[in-house]
Protein chains: 2
Amino acid sequence: MSDAEGTVPLARLLAMAYGDLIDQLHARLRADGWADVRPAYGFVLLATRAGSQSLTELASRLEVSKQAASKLVESMVAADYLTYVTDGGDSRVKGVALSDRGRRLLAAVEGIYADLEAGWAELIGARAVETMRRHLLTVVRARHDGELPTVRPPDGR
Amino acid sequence: MSDAEGTVPLARLLAMAYGDLIDQLHARLRADGWADVRPAYGFVLLATRAGSQSLTELASRLEVSKQAASKLVESMVAADYLTYVTDGGDSRVKGVALSDRGRRLLAAVEGIYADLEAGWAELIGARAVETMRRHLLTVVRARHDGELPTVRPPDGR
DNA sequence: TACGATCGTCAAGTACATTGACGAATGGAG
DNA sequence: CTCCATTCGTCAATGTACTTGACGATCGTA
């Protein structure tokens with residue numbers, strides 16, 4: 001589809017651009033030796049970066065069921081991106097925190113994103129990249145009472 | 001996560017913005033009576049808008065297996081968004097085209113997107129919306145030999 | 001002490017995808 | 001005209017990721 005068929009909706013462009021960035025992110029992670037990173041891991045790392053949280057809290061942030069969150073975390077613990085921690089003395093609560101390897105992965109992801117954005121800056125200009133960032137922040141915050149939401153795993157279901 | 005924690009990567013902002021647009025799109029579709037629209041339908045409608053195609057071609061465009069495409073199409077035919085057509089005299093080939101209802105849905109989607117973009121224009125300015133569109137076109141085309149790809153259904157799996 | 005609420009696990013189920021085999025149809029070489 | 005390689009779409013089997021609701025253990029409050 002070309003724009004000879006009219007203006008391309010922003011939603012499609014956002015989807016394409018996002019898909020490209022994610023494809024490139026994972027390609028570079030694999031090239032750098034991060035072979036076992038599933039797409040959903042990024043959302044968990046982001047949700048956990050500020051500190052440990054319970055499975056139930058994580059499930060809520062990701063907008064999935066407790067069991068889905070539990071299985072996701074289980075596989076990330078097995079891959080040593082997360083670690084279980086004791087959290088506040090309540091034996092019911094299973095605390096989840098970034099492991100050292102998880103922090104390194106998060107740093108790698110952020111480095112690659114910076115790199116990809118530098119590529120965008122070459123195409124459209126560094127100022128345009130910052131303007132786009134600012135405008136996207138504005139429209140997203142407008143929908144979330146001024147805050148940024150966590151991003152749930154995308155669901156085609 | 002706030003930008004007190006540093007610059008928010010564009011990928012995350014794109015994901016949030018896209019998720020918001022899709023959520024609003026489906027909420028408005030439901031409000032307008034389009035009760036049975038699954039997220040994956042949009043990709044098929046888009047891939048089919050230019051004219052009929054075979055199941056195998058559609059599967060290729062959506063980057064899914066032939067069976068996945070077949071099942072998706074089957075449910076869209078049942079919902080009267082698509083129709084099977086005779087295609088080119090090759091009895092092996094199952095042609096798939098938009099139905100009248102499918103065309104109306106596509107028009108409804110485009111109208112809603114225009115509306116949502118008008119909302120963005122109120123927040124960041126109409127010129128900023130067009131600038132963003134142009135810049136996104138640039139960066140996406142740079143990755144696809146000057147063309148725009150079809151957008152495959154997102155897969156967090 | 002008792003009870004309602006919470007946490008995380010479990011079982012059962014759903015949706016959507018994959019791979020590879022297969023039969024029918026096609027087209028081209030011999 | 002025949003034969004064979006290829007293509008199309010369906011089928012079966014399988015896998016992944018998710019859901020709901022029940023349940024036992026734990027907690028906090030009355």
Side-chain angles (χ1 to χ4, degrees), chain A residues 19 22-23 26 35-45 47-48 52-79 81-97 150-157, chain B residues 19 22-23 26 35-45 47-48 52-79 81-97 150-157:
Chain A
I22 293 305
D23 287 347
H26 286 280
D36 56 348
V37 181
R38 284 160 50 189
Y41 287 5
F43 307 100
V44 178
L45 294 172
T48 310
S52 70
Q53 73 209 305
S54 68
L55 271 176
T56 299
E57 282 174 318
L58 178 64
S60 179
R61 282 190 171 121
L62 298 184
E63 290 176 33
V64 298
S65 68
K66 290 184 291 182
Q67 182 161 25
S70 175
K71 287 191 166 186
L72 194 46
V73 164
E74 196 178 322
S75 70
M76 291 180 76
V77 167
Y81 293 125
L82 295 175
T83 182
Y84 293 115
V85 295
T86 303
D87 211 321
D90 188 329
S91 302
R92 296 173 300 174
V93 169
K94 210 163 188 173
V96 171
T150 49
V151 184
R152 68 167 292 173
D155 54 7
R157 281 151 175 68
Chain B
I22 293 305
D23 287 347
H26 284 279
D36 56 348
V37 180
R38 283 158 50 188
Y41 287 4
F43 307 100
V44 179
L45 294 172
T48 310
S52 70
Q53 72 208 305
S54 69
L55 272 176
T56 300
E57 282 174 316
L58 178 63
S60 180
R61 283 191 171 120
L62 298 183
E63 290 176 35
V64 298
S65 67
K66 288 184 289 181
Q67 182 159 24
S70 176
K71 288 193 165 183
L72 193 48
V73 164
E74 196 177 323
S75 70
M76 290 179 77
V77 167
Y81 294 126
L82 295 177
T83 183
Y84 294 116
V85 296
T86 302
D87 212 320
D90 188 328
S91 301
R92 297 173 300 175
V93 169
K94 212 162 187 175
V96 171
T150 48
V151 185
R152 68 167 293 172
D155 54 8
R157 284 150 174 75

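Below, chains carry the letters A, B, ... as their sequence lines are ordered, and counting in each starts from 1.
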Return no unless some side-chain N or O of B:T56 is found under 4.0 Å from OP1 or OP2 of D:dG9.
-> yes
Per-nt protein contacts along nucleotides 21-30 of chain D (heavy atom under 4.0 Å; B base, S backbone sugar-phosphate only, - none) come out as ----BBS---
Just checking, is any N or O donor in the side chain of B:Y41 or B:D36 under 3.5 Å from an acceptor N or O on the other one?
-> no
Report yes or no: does A:Q53 contribute a side-chain atom to a donor-acceptor pair with the main-chain N or O of A:R61 at less than 3.5 Å?
-> no
Closest non-hydrogen contact found for A:L72 with A:A40 is CD1-CB, 4.0 Å
Does C:dT9 have OP1 or OP2 sitting under 4.0 Å from an N or O in the side chain of A:K94?
-> yes
Would you mind classifying the nucleic acid contact of B:S65 as base, sugar-phosphate or nothing, using non-hydrogen atoms under 4.0 angstrom?
-> base
Atom-pair distance (CD on A:Q53; P on C:dG8), nearest Å | 10 Å
Tightest non-hydrogen contact, residues B:S54 and B:V93, listed as CB-CG1, 3.7 Å
Mind calculating the distance between CG (A:L72) and P (D:dT16) to the nearest angstrom?
-> 14 Å
Earlier contact from the 5' end, DNA chain D, for A:A69 and B:E57 | B:E57
Could you give the CD-to-C1' distance, from B:E63 to C:dC16, as a whole number of Å?
-> 17 Å
Taking the side chain from B:T48 and the backbone from B:V44, do they hold a donor-acceptor pair closer than 3.5 Å?
-> yes
Under the salt bridge (charged side-chain N to carboxylate O under 4.0 Å, His left out) test, residues paired with B:D23 that sit two or more places apart = none
Identify the heavy atoms of B:E74 and B:Y84 that sit nearest to each other, and give their distance.
-> CA-OH, 3.7 Å
Take atom CG of A:L62 and atom C1' of D:dT19, then tell me their distance rounded to the nearest Å.
-> 15 Å
Whole angstrom value for the distance that separates P of D:dT16 from CD of A:E74 = 14 Å
Could you tell me the separation between the OH atom of A:Y84 and the P atom of C:dC7, rounded to a whole number of Å?
-> 16 Å
State whether A:S70 places a side-chain N or O below 4.0 Å from either non-bridging phosphate oxygen (OP1 or OP2) of C:dG8.
-> no
Taking atom P of C:dA15 as reference, at what distance in whole Å does atom NZ of B:K71 sit?
-> 11 Å
